[in-house]
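See structure below.
Remember, it's 1-based here, ligands and their atoms both numbered in the order they're listed. Remember, predicted model here, so these are calculated numbers, not experimental data.
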Amino acid sequence: MLTGKLVTFEGPDGAGKTSALNAIVAKLQPQLGDRLVVTREPGGNQISEAIRKIILDRHNTAMDDRTEALLYAAARRQHIVQTIQPALQNDQLVLCDRYIDSSVAYQGAGRGIGEQAVYDMNQFATAGLTADLTLYFDVDAAVGLNRIQQHRQNEINRLDVEALSFHNRVQAAYLRLLADHPDRIKRVDASQPLDQVVTQALEIMASQLPAYVASKGGEDQ
Ligand code: TYD
């Protein structure tokens, strides 16, 4: 029985999603302790981190788009089996930085190999394991890219260097996912200052997952 909950964090590059996730963890950790599991894709274990290195290596310019999609899905499969599923069986709250929606948006729409095809291939990889809640950190693709160029010069990866048109397709796909799955995916306005982004995300988590997240994050904001 998967009694825990899976919350995924999604958004275009430069949305500040990872900074928000770190701040959310800092707020929730004191209340949840061992009930909180924080992880990321691609990665989360030795095999998936090794796959991550191959995918994001800027020198791998010969990588085929379908190869890329399959590698993300392979990393995801291993991550589910080794990390996510055991945590959900153990009644834990899993916060995961990116999941299937990233593949649908980046590979399906960004690379143009088909959102439905990538979704279907991921159904095989995940055996249907869906997030209970997805926070979508929404920021305009151009604003996101600008943030990356200003703050992360030394850690720009193979996907960050894609053209604005690629990132616009990614964002448009995310907005379609948001419209198609209103119960699962909730929008966070990531153009706000970080503390407001975190407050909004925690409010959504409290309303959707009251067994894990107290309203107002359990503290003064
Ligand atoms: P990362 O450095 O973790 O970026 P971010 O902090 O923006 O999450 O790199 C992950 C990159 O991989 C990011 O550009 C999105 C991309 N990605 C996909 O294209 N497909 C996927 O399925 C996943 C999980 C990530």
Output the list of atoms in ligand 1 that are nearer than 4.0 Å to some heavy atom of E41, sorted by atom number.
24 (C)
Atoms in ligand 1 with a heavy atom of R52 nearer than 4.0 Å
1 (P), 2 (O), 3 (O), 9 (O)
Is there a donor-acceptor contact under 3.5 Å linking the side chains of R76 and S103?
yes
Does a side-chain N-to-carboxylate-O contact under 4.0 Å join R40 and E49?
yes
May I ask you to check if ligand 1 and D13 share an N or O to N or O distance below 3.5 Å?
yes
Are L36 and V38 close enough, and set up right, to give a side-chain contact (heavy atoms from CB on, under 4.5 Å), and what steps lead you there?
CA-CA 7 Å; L36 186 64; V38 186; 4.2 Å; yes
Do any nitrogen or oxygen atoms of R76 come within less than 3.5 Å of a nitrogen or oxygen of ligand 1?
yes
For K17 and ligand 1, answer yes if some heavy atom of the residue is under 4.0 Å from a ligand atom, otherwise no.
yes
Look only at interatomic distance and state if Y106 has a nitrogen or oxygen under 3.5 Å from any nitrogen or oxygen of ligand 1.
no
Side chains of Y119 and D101, donor plus acceptor under 3.5 Å:
no
For residues T8 and T134, is any side-chain donor paired with an opposing acceptor at under 3.5 Å?
yes
Please state which option from R98, R111, H79 has its nearest heavy atom closest to atom 10 (C) of ligand 1.
R98
Does R111 make a cation-pi contact with Y106, if we ask for NZ or CZ under 6.0 Å from the ring centre and within 45° of the axis?
no
Going by distance alone, is a donor N or O of one side chain under 3.5 Å from an acceptor N or O of the other, for E10 and Y174?
yes
Check each heavy atom of L56 against ligand 1 and say whether those closer than 4.0 Å belong to the side chain, the backbone, both or neither.
side chain
Just distances here: any N/O of Q107 and N/O of ligand 1 closer than 3.5 Å?
yes
I want to know if ligand 1 touches Y72 in the polar sense, i.e. an N/O pair below 3.5 angstrom.
yes
